[in-house]
Amino acid sequence: MPTLQILIIIFLFCFFFFIPDHIGTASASACAESACSSSYISSIPIRFPFQLKTLEPSRCGYEGFDVSCNKSNQSQTLLTLPSSGDFIVQGIYYLSQRLVIADPANCLPRRFLEHDFSLIGSPFSFVDGLENYTFLNCSYQVETSHGSISCLSNELYKVIGVPSKSINFSAPSLCSVISTALVPLSGSFESDGWDLLNYYFELAWDVPDCRFCEQSGNVCGFKDGKSSELKCSSIYSSKKGLSRTANYAFTTFTGIIAIIFVVALVLQLRDSRRAHQPMTELSTVTNRRPLVIRIGLDDATIESYPKTQLGESWELPKPNDNTCPICLGTYKPAETLRTISECNHYFHANCVDEWLKMSATCPLCRNPSKGNKISHLTTGA
Ligand SMILES: *[C@@H]1O[C@H](CO)[C@@H](O)[C@H](O)[C@H]1NC(C)=O
Ligand SMILES: *[C@@H]1O[C@H](CO)[C@@H](O)[C@H](O)[C@H]1NC(C)=O
Ligand SMILES: *[C@@H]1O[C@H](CO)[C@@H](O)[C@H](O)[C@H]1NC(C)=O
Ligand SMILES: *[C@@H]1O[C@H](CO)[C@@H](O)[C@H](O)[C@H]1NC(C)=O
Ligand SMILES: *[C@@H]1O[C@H](CO)[C@@H](O)[C@H](O)[C@H]1NC(C)=O
């Protein structure tokens with residue numbers, strides 16, 4: 001009992017002082033790595049300078065690095081750019097400080113063409129330089145050296161994007177200019193560049209610079225709750241090293257332990273209350289399942305009753321009575337019968353012997369038998 005109480009105290013101590021740090025709700029210094037997807041393959045680790053909106057305290061991430069999980073597809077990580085809206089995060093590369101995003105509508109060229117993409121107000125920048133492109137809407141008949149943008153083209157018209165400086169306006173007479181825009185496709189532009197842009201569009205960040213910390217495999221974060229100074233702490237001294245999965249496992253484990261302790265506590269209380277219950281309660285318990293004392297005969301007395309072996313012609317002591325009243329079996333030749341001498345009733349010897357061990361009376365007429373009685377203490381229902 002004292003052991004259990006000590007365990008309960010230790011458990012409560014752990015629950016109130018230790019767990020909240022792991023869940024990441026208690027203090028700004030406890031910023032666990034998180035993710036939208038729990039699958040190891042599709043999971044994108046979210047840690048400083050990024051943070052999952054609403055899940056972690058605000059001081060776990062740098063301003064502008066908030067990400068969220070798609071409400072209708074919880075495994076999808078979303079980045080909301082202040083002037084361009086939601087993008088799907090495909091990967092975060094902490095060591096190179098790069099971020100790969102994709103357009104939810106799967107047509108990033110359209111966003112450039114319609115001037116619907118801007119990094120203004122965000123901490124991110126384009127990895128490649130920007131180049132001025134002219135977008136043309138051409139008849140399907142026009143042969144161009146540039147590949148068409150498949151998500152904007154159909155069987156009748158194809159949309160192409162050409163670097164503005166190399167365009168020859170007299171040549172494509174079957175084309176009309178849609179717009180010009182700066183596109184992050186400098187240098188390495190190839191015919192499939194536009195489609196490449198659709199699923200691999202890279203952004204970079206310079207501030208905060210945590211590369212020194214990531215390189216040594218440590219955990220980057222704010223030095224304290226107020227300043228924007230960075231701190232690089234060992235993964236072992238910091239709880240940030242715990243993955244979300246580990247966090248869940250830990251929380252679940254603690255929850256199970258909690259339930260076990262609560263059940264144990266309830267049982268313990270119930271037992272100790274029962275132990276201190278007044279005697280009346282005990283006697284009612286006894287009354288419901290009364291003790292029954294049955295008195296049988298000892299072996300010597302039973303053996304003293306006369307036995308009869310039935311012959312081939314099996315002449316019965318009472319010719320009209322050929323059934324054993326105990327086992328309801330008919331008497332057969334060569335079977336042994338026993339008679340209770342006091343009342344002259346007879347039975348199969350093996351049936352009545354068992355009976356007499358439990359009860360000293362004849363099973364038929366309830367006449368008490370004489371002899372040495374043995375007490376059997378049994379509880380009856
Ligand atoms: C969120 O997921 C749903 C279902 O997969 C999808 O239709 C929707 O476009 C996603 N939202 C964004 C912003 O990507
Ligand atoms: C949910 O998001 C993941 C990751 O972006 C994607 O692979 C998957 O197809 C999406 N599921 C649905 C139903 O849109
Ligand atoms: C792109 O080039 C076109 C024509 O050369 C020019 O009119 C336009 O201002 C340029 N756009 C930008 C954003 O530099
Ligand atoms: C291209 O031009 C045709 C005919 O004017 C038009 O129907 C189509 O919507 C245009 N496509 C784009 C992407 O502007
Ligand atoms: C533009 O087109 C005209 C006529 O087809 C051609 O003579 C000229 O060389 C072209 N210029 C460029 C820069 O491609």
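Residue numbers count from 1 along this sequence. All values below come from the heavy atoms of this structure, side chains included, with hydrogens, waters and symmetry mates left out.
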Check: S122 side chain, L119 main-chain N or O, donor-acceptor pair, under 3.5 Å: yes
I'd like to know if L99 and L130 are part of one continuous hydrophobic network [Ile/Leu/Val/Met/Phe/Trp/Tyr, side-chain heavy atoms within less than 4.5 Å]. yes
Sidechain-backbone polar pair: E33 side chain, P45 backbone, donor-acceptor under 3.5 Å: no
May I ask you to decide whether R110 forms a salt bridge with D116, counting only side-chain N to carboxylate O separations under 4.0 Å? no
Rounded at 0.5 Å granularity, tell me how far CG in L337 sits from CZ in F347. 10.5 Å
Could you see if V162 belongs to whatever hydrophobic cluster contains V177? Use Ile, Leu, Val, Met, Phe, Trp, Tyr and a side-chain cutoff under 4.5 Å. yes
Once you find the SG atom in C327 and the one in C351, is the distance between them below 2.5 Å? no
Does a side chain donor of either D86 or T80 reach within less than 3.5 Å of an acceptor in the other side chain? yes
Plane angle bin for Y62 and F65 - parallel if under 30°, tilted between 30 and 60°, otherwise perpendicular: perpendicular
Using a 4.5 Å cut-off on heavy atoms from C-beta on, say whether the side chain of I340 contacts that of P363. yes
When you look at R338 and D353, which way does the side chain to side chain contact (heavy atoms under 4.5 Å, CB included) test go after all the steps? CA-CA 8 Å; R338 197 190 289 282; D353 286 4; 2.7 Å; yes
Taking atom OG of S164 and atom CZ of F135, what is their separation to the nearest 0.5 Å? 9.0 Å
Checking T77 against I46 for the side chain to side chain contact (heavy atoms under 4.5 Å, CB included) test, could you report, in this order, the C-alpha distance in whole Å, the side-chain angles of both residues, the deciding distance, and whether it holds? CA-CA 9 Å; T77 315; I46 297 163; 3.9 Å; yes
In terms of hydrophobic clustering (I, L, V, M, F, W, Y; side-chain heavy atoms under 4.5 Å; direct or indirect links), are L113 and Y157 co-clustered? no
Of all the heavy-atom pairs spanning S68 and K53, show the shortest one and how long it is. CB-CE, 4.1 Å
Would you check if Q51 and V67 make a side-chain contact, meaning some heavy-atom pair closer than 4.5 Å? no
dist I88:CD1 -> L78:CG (nearest 0.5 Å) comes out at 6.5 Å
Which hydrophobic side chains are connected to L95, either touching it within the sub-4.5 Å cutoff or through other members that do? none
Same apolar cluster (I L V M F W Y, side chains within < 4.5 Å links), L364/V352: yes
C151 SG to L108 CG distance, which is reported to the nearest 0.5 Å: 8.5 Å
Min side-chain heavy-atom separation F50-C60 under 4.5 Å: no
Decide yes or no for S37 and I44: does some side-chain heavy atom of the first lie under 4.5 Å from some side-chain heavy atom of the second? no
Could you tell me which residues satisfy salt bridge (charged side-chain N to carboxylate O under 4.0 Å, His left out) with E63, sequence neighbours excluded, listed by chain and number? none
Might you work through the side chain to side chain contact (heavy atoms under 4.5 Å, CB included) test for V127 and L203, ending with a clear yes or no? CA-CA 5 Å; V127 171; L203 298 178; 5.5 Å; no
Kindly confirm or rule out an SG-SG distance below 2.5 Å between C69 and C36. yes
Does the side chain of K332 reach to within under 4.5 Å of the side chain of H348, using non-hydrogen atoms? no
Derivation and outcome, ring pair (Phe, Tyr, Trp, His ring centres under 6.0 Å), residues Y346 and Y331: CA-CA 11 Å; Y346 59 98; Y331 302 127; 5.6 Å; yes
So do C232 and C210 have their SG atoms closer than 2.5 Å? no
Exam field: side chain W355 to backbone T361, donor-acceptor pair closer than 3.5 Å: yes
Please determine whether residues V207 and F222 belong to a single hydrophobic cluster, defined as Ile, Leu, Val, Met, Phe, Trp and Tyr linked transitively by side-chain heavy-atom distances below 4.5 Å. yes
For the atom pair NE2 (H345) and OH (Y305), what is the distance rounded to the nearest 0.5 Å? 13.5 Å
Would you check if the side chain of S84 reaches a backbone N or O of S118 as a donor-acceptor pair within less than 3.5 Å? yes
Please report the closest heavy-atom contact between C175 and L136, naming both atoms and the distance. CB-CB, 4.3 Å
Short side-chain to backbone donor-acceptor contact, S216 and C213, under 3.5 Å: yes
Looking at L297, is its backbone amide N or carbonyl O close enough to the side chain of T301 to form a donor-acceptor pair, meaning the two atoms are under 3.5 Å apart? no
Could you check whether any side-chain N or O of T336 sits under 3.5 Å from a backbone N or O of A349, counting only pairs where one atom can act as donor and the other as acceptor? no
Tell me every residue that passes salt bridge (charged side-chain N to carboxylate O under 4.0 Å, His left out) with E229, counting only those two or more places apart in sequence or in another chain. K223
R211 side, atom CZ; C220 side, atom SG - distance, nearest 0.5 Å: 11.5 Å
Residues in salt bridge (charged side-chain N to carboxylate O under 4.0 Å, His left out) contact with D66, at least two apart in sequence or another chain: none
Polar side-chain atom of N70 near backbone of Q74 as donor-acceptor pair, under 3.5 Å: no
Taking the side chain from K307 and the backbone from T339, do they hold a donor-acceptor pair closer than 3.5 Å? no
Tell me, please, which residues at least two apart from E354 pass side-chain contact (heavy atoms from CB on, under 4.5 Å). K357
Residue pairs meeting ring-ring contact (aromatic ring centres under 6.0 Å, His included), one or both in residues 85-116, sequence neighbours left out, come to F87-F117, F112-F117, F112-F201
Using side-chain heavy atoms (C-beta onward) and a distance below 4.5 Å, is P208 in contact with L230? yes
Checking Q97 against D209 for the side chain to side chain contact (heavy atoms under 4.5 Å, CB included) test, could you report, in this order, the C-alpha distance in whole Å, the side-chain angles of both residues, the deciding distance, and whether it holds? CA-CA 8 Å; Q97 305 212 145; D209 192 346; 3.6 Å; yes
Can you confirm whether more than 12 heavy atoms, excluding those of F212, are under 6.0 Å from its CZ atom? yes
